[in-house]
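Proteins come first, then strands; the chains are lettered A, B, ... in the order of their sequence lines, and each starts at number 1. Because the structure is predicted, anything quoted here is derived from the model rather than measured.
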There are 2 protein chains.
Amino acid sequence: MKTTIYDIAKAAGVSIATVSKVINGTGRISTETRERVNEIMQEMDYQPSVVASALTGKSTFTIGLLIPDLANPLYAEIARTVEDRGRELGFNLVMCSTDNKPRRENDYITFLRQKRVDGIIISTGISDEEGIGNLVRQKIPVAVVTREMASLEADSVKVDDFLGGYLAASHLTGLGHRHIAVLTEDLSLATSRERVRGYRYALNEAGIDADKQFVVESVSSVEAGRKHALEMLRSDRSPTAVFASNDLLAIGVVQAAKELRLSIPWDLSVIGFDNTLLAGIVDPPLTTVAQPIAAMGRQVMDLIIQEVRGEKKTKRRIVLKPELIVRQSTTFPRKV
Amino acid sequence: MKTTIYDIAKAAGVSIATVSKVINGTGRISTETRERVNEIMQEMDYQPSVVASALTGKSTFTIGLLIPDLANPLYAEIARTVEDRGRELGFNLVMCSTDNKPRRENDYITFLRQKRVDGIIISTGISDEEGIGNLVRQKIPVAVVTREMASLEADSVKVDDFLGGYLAASHLTGLGHRHIAVLTEDLSLATSRERVRGYRYALNEAGIDADKQFVVESVSSVEAGRKHALEMLRSDRSPTAVFASNDLLAIGVVQAAKELRLSIPWDLSVIGFDNTLLAGIVDPPLTTVAQPIAAMGRQVMDLIIQEVRGEKKTKRRIVLKPELIVRQSTTFPRKV
DNA sequence: ATGAAAGCGCTAACAA
DNA sequence: TTGTTAGCGCTTTCAT
């Protein structure tokens, strides 16, 4: 049998209450007994059961993280920083990759509720805000990262997507481009819409008619990006630059360009979004709009833990600034 | 208050035992009451507490996954497939990135034990087999993936690293290379040693003196790989090909070569290991030895769940075959 | 400074 | 078919 608090109590010749107190550092215990008990726990390799403890109303010290896909570097990096901050604070992470499938998202949420996780961090795109609203109603702390849940009272941490789109597009217009396509993730995501809105704003500012540009919606993957880019680039009104709403898509564009023997950046400028590991690795290195991933991860975890600890009554909405990272995939247009 | 089994029982006018039975599908219950109870649980949005249930001796339906770093695509991909299989089987994953730091590994293990996870899957490198031996002694199911724990009685799933190293090196010797360096991860990892051993075997077979080649040990990152490659390539006995023991390092080599204006594959052939997402994205696309990541992830999860369910008494050791993926980073040596 | 005992939400005999 | 009840390992008054 696993050793329990009873075993320790017996071995130490004290009551379980006393053991409990030394474990939690509560109540008043003589240094003497404290030391003895600690020693014995050590010797017997005793691990207090957080499941029993949770049953009495304490935390489970577990947070659920809902993301679209762990295999996508952006989310892997977010998960990593969230996890790190959690560890520092004594919380573990249970990973939930939903592939943006509402069905899967709901299954995971049910799971997490049954496990009585202390809180849930959401980074998935399409969420039926219905199901999540339930969480909030049940007083389960919810925090959103990378997105925003319009109708929801929840903490959120995200980048200023509008500004990001603006930064990307105005970098391009500044370089002299007038024919700038955009390849974006699902426009049902507020995030994507904002980035496109920023793009339009920049084009407007430069006196370019945004309505005459390609705006192509795509599933978020290198392969899908490549396919769509191929079409775009083969068209007779092929752009001189493309703004992809994330690095995966941008890489797809790069690959398509290579296939068509277009040299980047000379024949085509490409700019991405996110600044994941990938951006530095493609050839040429990708100019992209960086999300402050580490800061975002750390901050959501901080927010939700405050919530869990009841240290906070009001919901907070944190918006961080994106940063343009200029590498080698953009330059002025060759042909005017 | 959260609704409990008592609330349901009262609302349905039955005992909690009955409710418990319909939840678990145990015992004999009339269809009538079953339906009524189910309906009420539905209405009240009741979620049975797995923490209470776990306290009575049932599973927590949680598995811990120890990996070096979630931000490394190899491990992210492994985690993803493990997670997927877990979901299918009704288990959640708690993520533990150790950065191969024994301290952190131990902290996580303590955490996981306190949470009474049903099992632990290990994919971290340097493990003090001591701490893990403890787990096994406590009858906590342990499975190892990607590695092997020599002294340990645990399930394991890995690729044949020796064969992988051999495949890589003989591809190179077959191309005519006679001067083949290897850039490897920490040789204290059995995995790395095996890959190098396979490499040596292939060189031997080709009549090349392996002892005269560069064998450089490196931390596993693009940057570290780049640095070491730079040194190698600047030396007067610069190789015509390098075998990197993982894709990250291989990419570092590619970057170094570019810096030195060496064209790949013409001036230098590079071969990696793992076949992560990255391999297809670098330029040129990387020839590499593929690990069957999805299969490995699925199989460890299957093994450990069998263990958890007590369906298996003997430990299993599964060794999968690696596969050489030839892309464009290797060719015959220009200068003989 | 320490202990007795009730209770957390559920499961599993055992009774009825 | 359904209900009673004794735990599961721990926390937390409330006494002592």
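An OP1 or OP2 oxygen of C:dT11 is reached within less than 4.0 angstrom by a side-chain nitrogen or oxygen of B:S20. Taking only side-chain nitrogens and oxygens, A:T56 never comes nearer than 4.0 Å to OP1 or OP2 of C:dC8. Contact annotation: B:S49 side-chain N/O to C:dG9 OP1/OP2 distance is not under 4.0 Å.
Across D:dT2, D:dT11, C:dA4, the shortest atom-to-atom separation from the side chain of B:I29 is found for D:dT2. Nearest to the side chain of B:A17, among C:dG9, C:dA12, D:dG9, sits C:dA12. Considering only the side chain of B:N24, C:dT11 comes nearest among C:dA12, C:dG9, C:dT11. Set against C:dT2, D:dT2, D:dC10, the side chain of A:Y46 has D:dC10 as its closest nucleotide. Distance from the side chain of B:I16 is smallest for D:dT5 among the nucleotides D:dT5, D:dT11, C:dA1.
A:K115 has its NZ atom 17 Å from the C1' atom of C:dG9, to the nearest Å. In this structure, CZ of B:R28 is placed 16 Å from C1' of D:dG3, rounded to the nearest angstrom. Computed from coordinates, the A:I23 CD1 to D:dG9 C1' distance equals 10 Å when rounded to whole Å. When rounded to the nearest whole Å, the span between CD of B:Q114 and C1' of D:dT11 equals 16 Å. The NZ atom of B:K58 sits 18 Å away from the C1' atom of D:dG9 (whole-angstrom rounding). For the pair A:I5 CD1 and D:dT11 C1', the computed distance is 8 Å after rounding to whole Å. One atom, CZ of B:R116, and another, P of D:dC10, lie 7 Å apart when rounded to the nearest Å. Counting to the nearest Å, the P atom of C:dT11 and the CZ atom of B:F61 are 10 Å from each other.
With sequence neighbours excluded, the residues that form a side-chain hydrogen bond (donor to acceptor under 3.5 Å, both in side chains) with B:K315 are B:E307.
In this structure, B:K10 places its NZ atom where only 12 or fewer heavy-atom neighbours from other residues, nucleotides or ligands lie under 6.0 Å away.
Of the possible donor and acceptor atoms, one in the side chain of A:D118 sits under 3.5 Å from a partner among the backbone N and O of A:T60. Put simply, the side chain of B:R36 gets close to the backbone of B:A12: a donor and an acceptor are under 3.5 Å apart.
In this structure, A:S30 reaches the sugar-phosphate backbone alone: every heavy-atom distance under 4.0 Å involves primed, P, OP1 or OP2 atoms, never a base. Within 4.0 Å (heavy atoms only), A:V19 reaches no atom of the nucleic acid at all.
Considering A:R317, A:K312, A:R316 in turn, A:K312 is the only one that fulfils the side-chain hydrogen bond (donor to acceptor under 3.5 Å, both in side chains) rule with A:D155.
Looking at which nucleotide of DNA chain C each of B:L55 and A:T18 is closest to, the 5′-most match is held by A:T18. Where A:Y6 and A:T33 meet DNA chain C, the nucleotide closest to each residue was compared, and A:T33 sits on the side nearer the 5' end.
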